[in-house]
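These notes are about the structure you will find just below.
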Amino acid sequence: MCEVRVAVDPGARDAPPRVRRLHDDGTPDGPVEVLADLGGVAAIEAASAPRWVLARPRSYRRLLAAGVELGRAHDVELVEGLLVAADGHFGQPHGLAAAVARLQGRVPDPDPPLADAGPPALFDAGPAADELADVVAVHAAQQRALSTAGPGMRLLAAAESAGALVAEEMTATGLPWRADVHDRLLVELLGPRPLPGGRPAKLAALAAAVDAAFGRPVNPDSPAEVLRAFARAGHELQTTRSWEIKRIDHPAVAPLLAYKELARLHSAHGWAWLRSWVHEGRFRPEYVVGGVVSGRWATRGGGALQIPKAVRAAVRADPGWRLVVADAAQLEPRVLAALSRDHALAPGEEDLYTALAAREFGGDRAKAKLALLSAMYGQTSGGAGVLLATLRRRFPAAMAYVEDAARAGEEGRLVRSHLGRTCPPARPGHEQPAAARARGRFTRNFVVQATAAEWALVLLAELRGLLRSSGSPARLVFFQHDEVLLHTPAEAAEDTAAAVRAAATTAGRRLFGDSPVRFPMQVRVVDGYDDPPPPTNGTLVGT
DNA sequence: CGAACAGGCGCC
DNA sequence: AAAGGGCGCCTGTTCG
């Protein structure tokens, strides 16, 4: 593969953008060019659509703010993180400065806290402050490493970098969020909006009911007080988790459980959340690409990956627009089937748990799901043991795959995802048997979760590419592990849905070649995030 | 007083 | 029926 690459430093308030054309191997193919403004970047993009070499995801933010969109990228800091871990070095800083230090044989300083835009020095840009030169040098070293690392790592580097573009674009676009609908939901569930810091009427009433049931004031938000109150009533609980409280017979149980559920809604996604996070009809979380060890994304602010079902009705398309809501059906077991080549585990596009239940678990879908999740998470209790024996007999290769990963973790060896994301080793202190087993559960899950995250990342990259190349007006507005939301003009909704299905198929092929394992998406074209699929439209749409 | 931790629970 | 992989973030509690 030979492609044009251009390193870019978007500059800062007072510093103009600078670019430098590169060969595929990262060596410069021309001088540093100082552009008049970011329009110059847009012109290069329009003329040659290069792969842009950026320092970090935030570098793209300034371009987007100026209306400049890029097609493809190589994100130096994200790729550095992948390469440093793959090399067996962990806990190493992977900021640009640290990468430069490693190149020069110095011991890198810890990464500085996130700075805005990392402004280069205005005068006398010495080597240490010349971000463009640093980007060029580190990128060249990365290209050398990637050229020997194998096609998986090259795909991973490209997908991670594409993810950075998607993440910044989604933050800029924002998830459509109807504050009026959210407010109405809260009023229905909690009562009228209280004064700031006040307790809604429903919560106050439930707290009073809890007090009455115990015969004395008990703060339902204090686990210690609740434990003491139940102990006085003759119920010795270990914790106040709701599933444990649910099992005892006491008049305080019902109001307490209701209180906990509504209090969580109020504190996590109530009026204060709405005021903090929704502006002008959009919720704009900041996505942290590669923020999780497994390669899943994290978010900063607003708890974006935990939007409760109870408020999803507030996510609504603008008038004349629709939401395309798509999630990968049973992604992790399908990934395991492809990884382990145990194709009997995922024979087609039908619901995998239902199919397995019909064959092995007397039609009990919940049992089939528990069995598979137990295999991937390392659960052994709760009747999972019996179910696992069935899986071991029926899918020996798949079970051996996760059990090998678990053993690797217990023995302190490294495990990697399909494309080569490397799981950091255990911290010292995992010599204890219990800790080793915990480590085994972690690595067992890592191989599946990290590969599923890769599939989703490639899906995102492919989908973004499809939308761009077709000039689609649809925008990606949300991504959550195995689920994407797009906001699209109504007339483009079906094309957008088709693009999602196509991207899913391509993602499967790019990770697993001609594997027979399918990755179907459930695609809904709806007005509200909570809307069920229209009855005329099939819910399970094959790829 | 704020920082750090623990318990708990939302999502996947 | 029972409680395991990954997170972020809330409140209460304890520590410095």
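Here the structure is a predicted model, which is why all the values come from computation and not from measurement. The chains referred to below are lettered A, B, ... by the order of the sequence lines, with proteins before strands, and numbering in each begins at 1.
- For the pair Y377(A) and dG4(C), the ring geometry does not qualify as stacking, because the centroid separation below 5.5 Å and plane angle under 30° are not jointly satisfied.
- Side-chain to base pairing of Q306(A) with dG8(C): one donor and one acceptor N or O lie within less than 3.5 Å of each other.
- Between F230(A) and F214(A), the ring planes lie perpendicular to each other; the angle is over 60°, past the 30° to 60° tilted range.
- As judged by a 4.0 angstrom heavy-atom cut-off over every strand, R312(A) is placed among residues touching the sugar-phosphate backbone only.
- Nucleic acid contact class of T239(A) (heavy atoms, under 4.0 Å, all strands): sugar-phosphate only.
- In this model, a side-chain donor or acceptor of R296(A) finds a partner on the base of dC12(B) within 3.5 Å.
- Across all strands, G291(A) comes closer than 4.0 Å to no nucleic acid atom at all (heavy-atom distances).
- Among the atoms of the strands shown, none is found under 4.0 Å from any heavy atom of D327(A).
- Nucleic acid contact for G378(A): none, since no nucleic acid atom lies under 4.0 Å from a heavy atom of the residue.
- Defined by atom type and a distance below 3.5 Å, a donor-acceptor pair is present between the side-chain atoms of S417(A) and E454(A).
- The R264(A) side chain lies nearest to dC9(B) when the options are dC9(B), dC10(C), dG7(B).
- L373(A) comes within contact range of at least one nucleobase, with a heavy-atom separation under 4.0 Å.
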